[in-house]
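Only a predicted model underlies this, so the values are computations on that prediction, with no experimental measurement involved.
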Amino acid sequence: GPFAGFSAVEPWLPITEDYETRNVAVQAGEPVSLLNLYRALLRYRRDTPALLSGSYETFPAPGGCFAYVRRHESGDRLVALNFTSEPLHLDTQTMRGSIALSTHRDRGGSFVESFSLRPDEGVILEVES
């Protein structure tokens, strides 16, 4: 609506020009939107005991990548984050499992023994016992 639905009169803060395409109503209907990624991450964290109360240990990773394991009796999770603009290989042979979530939202459920993180990608791996 007018003024992006925030006001009936012109607000004192500027409104972005693309408000008609970049808003909650539009993103809610797009499965790979940032809004739906946040919702999936929050839901996964809430439903995963390892992320709520598991122990923490760092995991060896190449430069530009931050990786750690959350250990819990219900199952371990490996979280890997690539902060570079280049793909990075993560040797996870000791941590095989299924990708639960990717920030790119296109490879959940894939079983991996090792994998590459794409530029600026984050992945949560459900570690096989």
Side-chain angles (χ1 to χ4, degrees):
F3 308 114
F6 287 105
S7 176
V9 296
E10 186 172 357
W12 63 279
L13 289 174
I15 305 250
T16 181
E17 292 179 16
D18 60 355
Y19 76 88
E20 291 179 345
T21 56
R22 295 183 59 119
N23 60 63
V24 172
V26 170
Q27 287 197 17
E30 295 176 358
V32 295
S33 70
L34 190 57
L35 173 67
N36 283 318
L37 171 62
Y38 278 112
R39 287 177 171 170
L41 288 168
L42 289 168
R43 185 173 36 257
Y44 189 79
R45 182 178 186 273
R46 182 186 62 234
D47 296 341
T48 307
L51 297 179
L52 294 172
S53 61
S55 65
Y56 167 92
E57 65 184 62
T58 57
F59 188 82
C65 181
F66 177 61
Y68 61 94
V69 178
R70 294 294 300 261
R71 297 196 182 278
H72 192 271
E73 61 191 29
S74 66
D76 298 344
R77 301 297 186 271
L78 170 67
V79 177
L81 307 165
N82 180 358
F83 292 107
T84 74
S85 58
E86 301 294 324
L88 294 175
H89 182 73
L90 195 63
D91 183 9
T92 59
Q93 291 183 15
T94 60
M95 293 277 171
R96 304 173 345 166
S98 296
I99 295 177
L101 274 173
S102 163
T103 54
H104 292 311
R105 306 294 307 270
D106 61 352
R107 49 184 193 164
S110 304
F111 183 82
V112 294
E113 293 187 13
S114 67
F115 61 94
S116 292
L117 291 164
R118 293 170 284 190
D120 304 309
E121 181 180 28
V123 166
I124 300 173
L125 184 74
E126 293 180 345
V127 179
E128 181 182 77
S129 312

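Although no hydrogens or angles enter the test, the distance criterion places no donor-acceptor pair under 3.5 Å between the side chain of Ser98 and the main chain of Glu126. In this structure, Asn82 contributes its side chain and Arg118 its backbone to a donor-acceptor pair below 3.5 Å. Between the side chain of Asp18 and the main chain of Thr21, no donor-acceptor pair closer than 3.5 Å is present.
Shown here is Glu57, whose CD atom has more than 12 heavy atoms of other residues, nucleotides or ligands within 6.0 Å. Within a 6.0 Å radius of CD in Glu73, other residues, nucleotides and ligands contribute 12 heavy atoms or fewer.
Summarising the geometry, atom CG belonging to Asp91 is positioned 10.5 Å from atom CD belonging to Glu113; distances are rounded to the nearest 0.5 Å. Considering OG of Ser55 and CZ of Arg70, their distance stands at 7.5 Å, rounded to 0.5 Å. Interatomic distance, Ser116 OG to Glu86 CD, rounded to the nearest 0.5 Å: 12.0 Å.
By the 4.5 Å heavy-atom criterion applied to side chains, His89 and Pro62 are not counted as neighbours. Counting heavy atoms from C-beta on, the side chains of Met95 and Val69 come closer than 4.5 Å. The side-chain heavy atoms of Gln27 and Asn36, taken from C-beta on, include no pair separated by under 4.5 Å.
In this structure, Pro31 and Arg105 approach most closely via the heavy-atom pair O-NH1, 3.5 Å. Looking at every heavy atom in both residues, Val112 comes nearest to Leu125 through CG2-CD1, 3.4 Å. Closest of all the heavy-atom pairs between Ala50 and Gly75 is CB-O, 3.3 Å. Residues Ala67 and Leu78 approach most closely at CB-CD1, 4.4 Å, considering heavy atoms. Closest heavy-atom contact between Leu88 and Gly63: CD1-O, 3.6 Å. Pairing each heavy atom of Leu35 with each of Ala28, the nearest pair is CD2-N, 3.8 Å.
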Given Val123 and Arg107, is the side-chain contact (heavy atoms from CB on, under 4.5 Å) satisfied, shown in steps?
-> CA-CA 9 Å; Val123 166; Arg107 49 184 193 164; 3.8 Å; yes

Step by step, would you call Arg77 with Thr48 a side-chain contact (heavy atoms from CB on, under 4.5 Å)?
-> CA-CA 9 Å; Arg77 301 297 186 271; Thr48 307; 3.6 Å; yes

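A donor atom on one side chain and an acceptor atom on the other are not found under 3.5 Å apart for His104 and Ser102.
In this structure, Phe83 shares a hydrophobic cluster with Leu34, Leu37, Tyr38, Leu41, Tyr44, Leu51, Tyr56, Phe66, Tyr68, Val79, Leu81, Leu101, Ile124, the cluster being traced through Ile, Leu, Val, Met, Phe, Trp and Tyr side chains under 4.5 angstrom apart.
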